[in-house]
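Hydrogens, waters and symmetry mates are skipped; everything else that's a heavy atom, side chains included, is used. Below, read A as the first sequence line, B as the second, and so on, with proteins coming before strands; counting in each chain starts at 1.
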Amino acid sequence: MQERYEPAAVEADAQRFWNDQRCFEAKEDAAREKYYCLSMFPYPSGRLHMGHVRNYTIGDVLSRFMRMNGRNVLQPMGWDAFGLPAENAAMANGVPPAKWTFDNIAYMKAQLKSLGFALDWSRELTTCRPEYYRWNQWLFLRMLEKGIAYQKTGVVNWDPVDKTVLANEQVIDGRGWRTGAPVEKREIPMYYLKITAYAEDLLDALSQMQGWPERVRAMQANWIGKSVGVRLGFPYRIEGLGEGVLHAFTTRADTLMGVTFCAVAAEHPLAAHAARHNEKLAAFIEECKRGPAIESELATQEKKGMPTGLTVRHPISGVALPVWVGNYVLMSYGDGAVMGVPAHDERDFEFAKKYHLPIKPVIDVPGREYSLHAWAPWYAGHGRCINSGTYDGLEFQAAIEAIAADLQRLNLGEKQTTWRLRDWGISRQRYWGCPIPVIHCAACGTVPVPDEQLPVVLPVDLVPDGSGNPLLKDEAFLAVSCPRCGAKARRETDTMDTFVDSSWYFLRFACPDNDKAMLDARVRYWAPVDQYIGGIEHAILHLLYSRFWTRVVQELGAVEFKEPFANLFTQGMVLNEVFFRKPDTGRVEYFNPADVEVTLDPTAQRRIAVLRSDGLEVESGGVVTMSKSKNNGVDPQALVDEFGADTARLFTMFAAPPEQTLEWSDEGVQGAFRFIKRLWKAVHDHVAPGACVPLDKSILNDEHRAIRRQAHQTLSKITDDIGRRRTFNTAIAAAMELLNALAKFPQRSPQDRSVIQEALEIAVLGLSPIIPHVTHALWRALGHQRALIDEPWMTVDLAALQTSEIAMVVQVNGKLRAHISVAVGADEDTVRAAALADPNVQKFIAAAPVRKVIIVPGKLVNIVV
RNA sequence: GCCCUCGUGGCGGAAUCGGUAGACGCAACGGACUUAAAAUCCGUUGGGCGAAAGCCCAUCCCGGUUCGAGUCCGGGCGAGGGCACCA
């Protein structure tokens, strides 16, 4: 074994071994318990970032640990390869998105390999390849058949100069990001998936999902947003419309008798009707539709409204109620109309005050007095009905039941559940995505592409130029004959939202080579995913869509479960300090921390940050999430090149628990590297004199027993920390402690060396899921023929943990006063006597009689005086 | 505004079920080796008092429960995140 630790050689050697042995190619084996460990697949943006390294290292540690613990592990990898950045890059460089994407994949795949992840590359999948996305199309057609997919008009952001649709993030302050032109709202036909039909099930199942973080479940529940209430009907007779009913949803039907007006959204049909001969109203409606671009402004903007001049009748009392247009009413929620109860709804109160509408209190809370002058939070609380005719005296739930029953009889209302969740619009007017498999025929209308014509292949040589979807100009793609009548027809050019691609890739990893079916029997062996790992930023959309998609697949009979991810782990973000200069003129300039030298001023105790290139000071903006915009990212490649993959892995696992944020630290990386070098040297120094004799447990002295005890305690802790607690940082700390103890232990006798051998084996094997390359080499150096990756996880020698004496602490009134050592299994009287006999304890109990002695066996004695 | 999470040394963090607060690492300081530097190794390091033994204070603040609270409960302050006119 060579004395010097050289990561490049060690890592190349280990990776070659794993590759040659095909260690990580997973095979179905009904006799073995499987473990499907999946990290969220990356978008091939160009290079890996530290977030990827962290994510994939967590998955790799678990995969390797489970493998050594006898599980049949599948850890696959793929590419979420459709998406907007490829089109942007194409426009910037004049290269087709496909080429840019595949080049990036090649580079990032090499990076992933250099990090030594135990991935089954034989199952690699890429969502922009027809072999994959044809099954998007196939399942979409099944959804069409079942009515889960349907068409309706949707609103998009339209750039009138580029004549193209913009994604929300491409709209900056209401203007197109490239042209600066004011963005228009356009209504176009789009495909939607009926995720709302699954809302109840998606919500209910959350409470059973013990393997998911509470936080994520709460976020999903919040997003689904269930509201139980009553859908009311306000009948009307309006000139030009005739008789009709204005529908509005409420969760507070108990306040129905307090309604003094109705308000509708600007997009509501009644508003449009009233505006036909009312220019001021028409102008107001236009103003509302444009609205502020930013959601937070939308929520805080002043409440504005305008009367329509129309009236509707109260469903119970028959009183005429004015209909207003209100800028705070959302067309997309409920029926786009609300009943105005100013007395008990803060928004309605503000609105009524502004426009001098009547306020009629109908809820009484004992001990409270209603004042029409100012809003008070209790107005919105539950209470007893007053001023409500026959409902007077009823409590919240009873009032709702009574009112709902009466409305039902009048055919003017029913109990209803409303959801915040909307159906999922999947149409994108984009080139670089999965084509939606439909054909437009002048005679037959919209015709689904027949299954045997799948896949609808996306041409890969087009270059978008900013002037809309290039598919619109590609005759070879567009021209098609109608599958129904054979006439000339036109292919749909919209593509699918990329969230479709990622909604089922985890199932396809079980059978990526099947060209006859989307899924096959192998899915039943591997799925569901046992452990899914990814960023918290996907807590809602990706994870919710995947749950929805899995339910659809289940209904088709391809899988037997509804929940795709049994356990979810959300890793924390990677942070770094941000450095900048703010010139008097112009915008803030950010400098990468790699180009900044931070020193400690010895006198002032102040940190000074200086840009290396010009030697002048830069300001620090604190520690924030690594991002391109703040230029505070660290290139993992530079780290791997300088210190090796093991150091990169060790640092990211050691600096913080995996669920928390991770602060980047150059010194911390040095520390991780230093530890690996120490481990290397410890093994080197140990094996240098040659092989050692087998351990004879019958002739151990006290020092031997102490080392063995610590070694096996360490093994026990690492096993628990990785396997159960998922606190890899404390597992590493325990291994470090063991190595520190070994450094102090002299190697003289053959028996000394045998004890050290065992402890080093525990350290090396225990750390192998985290730093697999160096431990692969060290395991060989320790004399093993079998590769470490094929070794079973070691078992704790319970006998080694046993001691004859045990240390206990003695407290007096809860304050630590002494340490004592007692025989294991000593009875309480003996322990009490030993505690009371301690001279320091004596000092503190002399003044008063002992009232009580609490003994926690094996831990402590507390003497109360 | 509502919901969630979190506040521990100079810093990242540990303390797993209410039982020794500060493991491990970083930084800093002292020392060894070296012509020197780097690397490496040894030691010290929450604050105060003390020669030492040891004592007092200390986990954002105030209060409570308990023999015992970083951990549980109530109230406040601060930070981060999610939702945000959802009727």
Side-chain angles (χ1 to χ4, degrees), chain A residues 213-216 218-219 221-223 225-227 229 232 248-252 255 263 295-296 298-303 326-330 332-341 345-348 350-351 377 418-420 536-537 539-540 573 575 600 602 605 607 623-625 650-651 654-657 659-672 674-675 677-678 681 717 720-721 724-725 727 729-737 739-740 743-744 807-819 839-840 843-844 851-854 856 859-865:
Chain A
E214 183 55 46
R215 186 160 63 127
V216 176
M219 282 162 78
N222 203 343
W223 184 262
K226 182 179 184 176
S227 291
L232 309 159
F249 175 76
T250 181
T251 55
R252 291 300 304 272
T255 66
E295 293 243 319
S296 58
L298 208 73
T300 51
Q301 74 177 343
E302 195 188 347
K303 292 188 184 20
N327 67 347
Y328 68 100
V329 184
L330 303 175
S332 52
Y333 188 77
D335 294 285
V338 297
M339 65 176 201
V341 186
D345 181 283
E346 189 170 3
R347 292 153 303 174
D348 295 345
E350 191 188 324
F351 194 76
T418 300
W419 307 88
R420 210 197 74 97
I536 186 75
E537 67 273 18
I540 298 171
M573 309 254 223
L575 317 181
L600 204 65
Q605 290 291 295
R607 291 170 81 244
V623 179
V624 301
T625 311
L650 184 64
F651 169 72
F654 179 62
E659 249 175 327
Q660 287 179 32
T661 55
L662 170 72
E663 277 186 38
W664 182 261
S665 155
D666 286 324
E667 294 77 18
V669 173
Q670 291 283 354
R674 197 176 299 145
F675 171 71
K677 282 193 289 187
R678 284 185 57 209
K681 187 169 183 300
K717 178 158 177 61
D720 189 48
D721 284 355
R724 180 183 63 88
R725 296 178 67 210
T727 53
N729 55 326
T730 53
I732 294 164
M736 287 173 167
E737 284 184 77
L739 204 66
N740 289 345
K744 291 192 173 76
M808 292 180 74
V809 295
V810 185
Q811 298 177 335
V812 178
N813 289 338
K815 285 194 179 238
L816 178 66
R817 295 303 177 193
H819 297 263
N840 203 44
K843 250 166 55 185
F844 287 91
R851 288 195 293 149
K852 198 172 173 185
V853 177
I854 290 141
V856 182
K859 278 215 164 127
L860 96 167
V861 182
N862 189 15
I863 300 163
V864 186
V865 295

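Looking at the side chain of A:His819, the nearest of the listed nucleotides B:rC24, B:rA87, B:rU20 is B:rU20. Listed candidates were B:rA87, B:rG25, B:rC67. Nearest to the side chain of A:Lys852 is B:rC67. Here the side chain of A:Ile540 is nearest to one of B:rG82, B:rC86, B:rC24, namely B:rG82. Candidate nucleotides B:rA87, B:rC85, B:rA84 were compared by shortest atom distance to the side chain of A:Arg420, and B:rA84 ranks first. Distance from the side chain of A:Ala733 is smallest to B:rC24 among B:rC24, B:rC83, B:rC85.
Expressed to the nearest 0.5 Å, how far CG of A:Leu739 lies from CZ of A:Phe675 amounts to 5.0 Å.
Using a 90° window around 0 for the glycosidic torsion, B:rC41 falls outside it and is classed as anti.
Pairing for B:rA23 is absent, judged as Watson-Crick or G-U wobble with the two contacts each under 3.5 Å.
Using a 4.0 Å cut-off, some side-chain N or O of A:Ser227 falls inside it from OP1 or OP2 of B:rA87. When the side-chain nitrogen and oxygen atoms of A:Asn222 are compared with OP1 and OP2 of B:rC2, none of them lie within a distance under 4.0 Å. Considering only side-chain N and O atoms, A:Arg725 lies under 4.0 angstrom from the phosphate OP1 or OP2 of B:rA15. Listed pair A:Arg347 / B:rG1 fails the phosphate criterion, with no side-chain N or O lying under 4.0 Å from OP1 or OP2.
There is a side-chain donor-acceptor pair under 3.5 Å between A:Asn740 and A:Arg678.
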**Prompt:** What string of B, S and - do you get for nucleotides 40-51 of chain B 5' to 3' if you count protein non-hydrogen atoms under 4.0 Å?
**Reply:** SS-S--------

**Message:** Using a 4.0 Å heavy-atom cut-off to protein, can you give one letter per nucleotide of nucleotides 54-60 of chain B, 5' to 3': B if the base is in contact, S if only the sugar-phosphate is, - if neither?
**Reply:** SSSS---

Under 3.5 Å, which protein N or O atoms sit close to an N or O of nucleotides 9-13 of chain B? Give each pair with its distance.
unit_1	atom_1	unit_2	atom_2	d
B:rG12	O2'	A:Ala655	O	2.7

